[in-house]
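Everything below concerns the one structure shown next.
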Amino acid sequence: MRRVVVTGMGAITPIGLNVEEFWNGLKEGKTGFGEITHFDSSDFKVHLAAEVKDFQPKEYMNPKDARRMELFCQYAVAAAKQAMEQSGLDMEKEDPFAVGCSIGSGIGSLQTIEREHEKYLQKGPNRMGPLMVPMMISNMAAGNVSIQLGLRGKNINVVTACATGTHSIGEAYRSIQCGDADVMFAGGTEAAVTPIGVGGFAALTALSTSTDPKRCSIPFDKERDGFVLGEGAGVVVLEELEHAKARGAHILAEVVGYGATADAYHITSPIEDGSGAARAMENAIKEAGIEPKDVAYINAHGTSTHHNDLFETVAIKKVFGEQAKDVKVNSTKSMIGHLLGAAGAVEFITCVKSIQEGFVHQTVGYQVPDEECDLDYVTEGPLEMDVKYALSNSLGFGGHNATLLVKRFED
């Protein structure tokens, strides 16, 4: 199998509009929670979200292109262009059919659905917009990125709810390993802070009803009552090692393992024995040719829902045994909320930065220990530590489990 490395990263998040801003926010323990501004939430049970602030699409695309993209696509294009810039990739020197794209969105554009449904109700079907479908469907993030950057290789859109970003990177990794591509832009994007998005998740009782921005997204805390809906995008450039070396690319990290399983249990709850998530972690570790004891840091899915945090804890114990208590486990969602299809991609970026800088961020907001969630969730403050391997977990509605294992690059 061909080795796969990371050569570029881009991020649009609630605490920063590029990777450095985002990473500095994580280091500072900054949170992105606040009153919903995208719409009037007065009649809703939920009033807090983690919105992206001050995003300007004109910084990444011309106005005409921006008008033909909904927000989730704009975020993806912005993150992809950031990743491309860092990677130094010059498409004029590449075979465009060897450079692909695997960028997913869990939902696509609810904004389009809401807007066009209102037109239908008020004015009838003949007044609906001709671009409704291409602006709504979730694959258009990958489509628009490929158009903007000239990527003519494999172009796919993995949709596995909250595991989308992790699966997207994992499938891009596989594509390079087996020779389907030399370079893949990979990640996830989401912009679902809309009336239907918030209302739907609230009706499912998945969202926190807290009105305190400091006590809303509190993974592994006994008082957790649901996740906070976030938005944004994370995109990375994955590249075959020899291809990267031949063009003198700066290598940020290496992807060495990927595990993907299903719980086959319940549409929203992880299986109670943690077996599905555990096998995904085990498969990633096995592929890397290492032992669980070699992994000192896990970026958990850590949504702040009762079932996820409990059963992910069970899964980690199943894989790591007695060593589980020594592994540092944190949740990036404690600061940026749940970015749904973008979550795994942004958390993968967090893992790469942790490896590069020897820094593991705090799980912010944690106050009340839960006797059932009894691992080291990095709750007392951030840690400076050597991180050779970082494991990133994502669990999606429908029972989707995905794990990526990232390693410090060694030639």
Side-chain angles (χ1 to χ4, degrees), residues 10-14 38 49-52 55 57 60-61 65-66 68-83 100-116 131-149 151 154-172 184-198 200-201 206 227 229-236 260 301 303 333 336-349 394-398 400 402:
I12 301 294
T13 79
H38 290 343
E51 297 176 341
V52 169
F55 175 73
Y60 301 97
M61 66 203 79
D65 288 341
R68 289 172 175 260
M69 294 184 215
E70 285 287 14
L71 201 53
F72 81 103
C73 287
Q74 294 177 1
Y75 289 163
V77 167
K81 288 188 173 182
Q82 291 176 12
C101 187
S102 173
I103 297 176
S105 173
I107 295 177
S109 178
L110 293 177
Q111 292 91 336
T112 299
I113 295 172
E114 292 172 352
R115 183 176 62 248
E116 298 303 325
L131 293 180
M132 175 186 170
V133 171
M135 292 184 75
M136 171 189 73
I137 51 181
S138 63
N139 68 294
M140 292 307 289
N144 276 304
V145 168
S146 71
I147 291 167
Q148 290 282 314
L149 301 185
L151 317 180
K154 174 184 278 192
N155 191 289
I156 56 176
N157 171 46
V158 179
V159 182
T160 49
C162 312
T164 294
T166 300
H167 274 129
S168 295
I169 294 172
E171 294 305 311
M184 291 287 289
F185 285 72
T189 185
E190 208 77 80
V193 184
T194 76
I196 287 179
V198 174
F201 280 114
F227 68 80
L229 191 58
E231 60 177 356
V235 176
V236 297
H301 190 53
T303 60
K333 294 179 181 71
I336 63 172
H338 196 342
L339 273 58
L340 306 180
V346 172
E347 289 155 12
F348 176 88
I349 290 169
S394 291
L395 318 178
F397 282 178
H400 306 283

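Any value given below was found using the heavy atoms of this structure, including those in side chains, with hydrogens, waters and symmetry copies removed.
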Legend entry - Between CG on residue Leu339 and OG on residue Ser105, distance to nearest 0.5 Å: 11.0 Å
Inset, instruction - Taking Thr164 for its side chain and Gly188 for its backbone only, find out whether a donor-acceptor pair lies under 3.5 Å. - result: no
Legend entry - Pair Met140-Met69, side-chain contact (heavy atoms from CB on, under 4.5 Å): steps then yes or no: CA-CA 8 Å; Met140 292 307 289; Met69 294 184 215; over 6 Å; no
Legend entry - Where Leu395 and His301 come nearest, the two heavy atoms and their spacing: O-NE2, 2.8 Å
Legend entry - Minimal non-hydrogen separation, Ala78 against Phe55, with atom names: CB-CE1, 3.7 Å
Legend entry - Straight-line distance of Phe201 CZ to Ile107 CD1, nearest 0.5 Å: 4.5 Å
Legend entry - Min side-chain heavy-atom separation Met184-Cys101 under 4.5 Å: no
Legend entry - Test item: Asn157 and Val159 side chains (from C-beta on) under 4.5 Å apart, heavy atoms: yes
Legend entry - Under 3.5 Å donor-acceptor, Thr189 side chain and Cys73 backbone: no
Inset, instruction - Any chance you could lay out the side-chain contact (heavy atoms from CB on, under 4.5 Å) test for Thr166 and Phe348, step after step, and finish with the verdict? - result: CA-CA 8 Å; Thr166 300; Phe348 176 88; over 6 Å; no
Legend entry - Donor-acceptor pair, side chain of His338 and main chain of Leu229, under 3.5 angstrom: no
Legend entry - Lys/Arg N to Asp/Glu carboxylate O, Glu70 vs Arg115, below 4.0 Å: yes
Inset, instruction - Begin from the C-alpha positions of Gln74 and Tyr60 and carry the test side-chain contact (heavy atoms from CB on, under 4.5 Å) through to its verdict. - result: CA-CA 8 Å; Gln74 294 177 1; Tyr60 301 97; over 6 Å; no
Inset, instruction - Heavy atoms only: give me the nearest Ala49-Val193 pair and the separation to one decimal. - result: CB-CG1, 3.9 Å
Legend entry - Closest non-hydrogen atom pair, Val346 against Thr13: CG1-CG2, 4.2 Å
Legend entry - Close side-chain approach of Thr194 and Glu114, heavy atoms under 4.5 Å: yes
Inset, instruction - Given side-chain contact (heavy atoms from CB on, under 4.5 Å), test Lys154 with Ile156 step by step and report yes or no. - result: CA-CA 6 Å; Lys154 174 184 278 192; Ile156 56 176; 3.9 Å; yes
Inset, instruction - Could you tell me the separation between the CD1 atom of Ile103 and the CG atom of Asn139, rounded to the nearest 0.5 Å? - result: 12.0 Å
Legend entry - pair Leu71-Pro57: side-chain heavy atoms closer than 4.5 Å: no
Inset, instruction - Please answer whether the main-chain N or O of Val52 pairs with a side-chain N or O of Glu231 as donor and acceptor at a distance below 3.5 Å. - result: yes
Inset, instruction - Kindly compute the distance separating SG (Cys162) from CZ (Phe397), expressed to the nearest 0.5 Å. - result: 5.5 Å
Legend entry - Atom of Tyr75, atom of Glu190 and distance for their closest heavy-atom approach: CD1-O, 3.6 Å
Legend entry - Side chain to side chain, Glu51 and His38, heavy atoms closer than 4.5 Å: yes
Legend entry - Closest non-hydrogen atom pair between Ser168 and Ala186, with its separation: O-CB, 4.0 Å
Legend entry - Flag side-chain contact, heavy atom, 4.5 Å: Phe227 against Lys333: no
Inset, instruction - Look up atom CE in Met135 and atom OG1 in Thr112, then write down how far apart they are to the nearest 0.5 Å. - result: 5.0 Å
